[in-house]
Amino acid sequence: MKNIKIIFFSIVFILLLLCSIFLKKPVVTDLAEIILPEEITEKSVIKDLSVKSGNIIKVVFEGNSSEESLDLKSEFLNGVDKTDFETDNINPRELLNVYNISPSNFLSEKTRLLLKDKNYEAVRQRAFEELYNPGGFQITEFDKDPYFLLTDFLKQNMRPDTKKIGNNYYSFVTLRLKNPDENAIEKLIKSVEGKKIYLAGNPVHTYYTKQNTTVAINVICTLSILLFLFLVGYFFKSLKNFLPVVLSIIFGFLSGFVAVKLLFPKFIVLTAVFASVLIGSGIDYSFHYFFAEKHDAEFFKKLTVSMLTTVFAFSFLFLSQTDILKQISVFIIFGLIGIYLFVVFMYPLFSIDKPVRTVNLKVKKRYRAVFSVMLVIIALIGYSHFEIDNNLTAFYTPSEKLKHAETLFNEVSQGSPYTSIITVNFSNFENMLEKEESVTNNLIDNNIDYMCISKIIPSKKKQLENIKLVSNLYKNDADNSGEFLTLEQIKKLKTAKRFPVEFDIQKYPYLQNMILNPNTSIIFVFAKASEINEEVTDINEEFAVFFTKYAKKLLIFFPAALLALFVFPILAYGRKKSVMSAAPPILACLLTLGVLSFFNQSITVFSITALFLIMGFTIDYSIFSSDGKQKSKEAVFISVITTAFPFLALSFTSFKFVSSFSSVLFTGIIISYILGIIFSGEETEQK
Amino acid sequence: MKYLLTLCFLFFICLNAFGESVFEHPVKLNAVKLPTFEKVDLKFEREMILKNAKKPVLSGGNFTFDPKEGVCFETTYPVKSKVVYSDKHGINEIISALAKKQYHKLEKEFYFYHLNFDTALRPKKNSNAYGILSYIIVTGKERPEKITVEMTNGNKTIIRFFDK
């Protein structure tokens, strides 16, 4: 029997190991894809925006002079690996060929206003300035456009190559990552180290998050192992028990990892960070095993109920609708089952040391009362200003360096630190241009800068309006060009028949970046959403609406879910014992958000999801403590330390989504444990 | 008769030499010989020959170049205006590169040709100026004396520089 068990587990172990190595799944690198709930990503606008910006790297170059900044840019572009990155080739020639067919169809907004006001003298004056400007240029034939109208239209969309901010000059470029390749980004980041070059954009954010995550995993694992070694050394005065625990954790990790790889089309690297809590749970089960006086049916019943309750609690993460929480759920559920199976079936085969030391943590009655009252007061004060933070920054806050790079890029590339997005739904290309123009008319009136396709390619309707305005100009003012044009040329200008020209959008790939999908285009408005009198696609607001709806759904569901968590304890121990052991976890759940709110910690909708886990973890402690045996209490104490510790470590990670979720779990577990001691009603001094 | 033949021969040689275009003499970057200068403060005359226009457009004024500040054209006739190019504007880029002998900056976008005191720059196919700008010819021994710019649409600008 012993050999069969060893052979069976060895085969399973090897199979899991092979699957984890050879089962290849793409790794999710896009931060938006990680955080955004499915319901949001299904809304094509945000999803498409995320896809469009997902591979764009924004680069800003700083110099003491305009030239220095441009030299740095030139040097950078020469060094960029063309196999990994490409720049948008904005070549105006194709467009110029079309503009030249009928140059009078294209007017800058300023000139349109002057012509509408019949202020022909001002238009002529501007034309003279252009004509006598030694650096000026005439893009088309003079007799076709003596007022330099096309030149003026083109200048409207031209931006200076550098911008002076403070004492420095900045230039910029955008790079497109051809394939999601972390090595390419790493190489790029290293190539700008020590230079006055700032990198921003989604791939850079994702790279740094992944780096920080890897560091977090390593730190948490190392600290957990050190803590574990300390605890084993302290309680058993030997490291003999180390091997089975390590093997159980590896077995659990492999089970979870393979399950995620089998059940999900992609693997989210952050799942591995959360999965580090498996170390705590693995140690949990092991210590319960080591401290148990007898490994009888009662012990295995407790272990099974504890495992099932925790697994059941983690299954509630499926309500989150976000891929990362679903993956964490699957990883931990299968990981816990793996560890449980290893402990139950394999531990009896190991020669295990019994604990030689005990620790007795009990609180004096008067301290219990003071602590309880303080906890309730803190939670109540916290709840008085409690609110759920639905802002996107509550889920991800970039480092100061990246934030600075993003703001700098916006200021240099578009002259404003803000970009708002207006989406336009259309049925055909002409309809899109007309709709964009009707929106941008309002922006022009309010002097707000923007960029969209219709700014480069006017609709036929607008071209016809321009033709009419220009025909009036020529009829009323062309005689003043007599100095440079013959009478015949002037007559031709006055009588020529002009028609709108056709543009084939397929010829201008860089303009297609402003088309989100076959029915939606975007207008980038360089101003705050609050300054715009149009319906702006406010991504933050879209999230807030979704999260509020989601939080309400969870809160309605919460009491029912809590009761559901008692299914296994009630089945195993009956109603009375289950209800008695339920008080600390329930109170902990109720108090946790208040306590965190008291300390101004950000509470997100996912914090509510974390409450299910607090219940799942801490019911486990109640079940084991309920037998009143000293050794069970010690095992629970160690369990609390080993489970809460990874969450404490995770609460310091830079990725806010992870850190806020972890701080809720850490606080909840500790409160529940302390309440458990208070409720136990025992009073002893430290031995 | 012998002298007459010699004279005729010399005349044809000279005629041939005058007919030679600068574009027949491509040069490598290290062989470019252009006037170098630091700060300059000159007068300019500009003649713009617009295709299909009745007559050339003439203007003039003051020209200054400071490597730090860029190029400044102050037109004094027939209209008064002042334009400063401190950015990567074509004319500033070219004059800056010439002044600092940083021809490599132009090499990416232009082919270089050289004959006597003329240096010509013709846009390469990958340049954004290709198809819009035909060529630029810079003439000068110690400082730029003349810059000729011809566009593909037939418009041509000649800027002559004089000491004040």
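Lettering follows sequence order; numbering is per chain, from 1. Only a predicted model underlies this, so the values are computations on that prediction, with no experimental measurement involved.
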More than 12 heavy atoms of other residues, nucleotides or ligands under 6.0 Å from NZ of B:K82: yes or no? no
Kindly check if the number of other-residue, nucleotide or ligand heavy atoms within 6.0 Å of CD (A:Q156) is above 12? yes
Segment of B:T75 engaging chain A (4.5 angstrom heavy-atom cut-off): side chain
For A:Q506, what residues pass the side-chain hydrogen bond (donor to acceptor under 3.5 Å, both in side chains) criterion, not counting sequence neighbours? none
So, using side-chain hydrogen bond (donor to acceptor under 3.5 Å, both in side chains) as the criterion, who are the partners of B:Y135 when residues are at least two apart? B:E150
Heavy-atom distances under 4.5 Å only: say whether A:L96 touches chain B with side chain, backbone, both or neither. side chain
Segment of A:T140 engaging chain B (4.5 angstrom heavy-atom cut-off): backbone
Largest heavy-atom contact set with chain B, pairs under 4.5 Å, which of A:E483, A:E141, A:Q489: A:E483
Mind ranking A:N97, A:T486, A:L131, A:N100 by heavy-atom pairs under 4.5 Å with chain B and telling me who comes out on top? A:L131
Which of B:F65, B:F73, B:F162, B:F161 passes ring pair (Phe, Tyr, Trp, His ring centres under 6.0 Å) with B:F44? Answer is B:F73
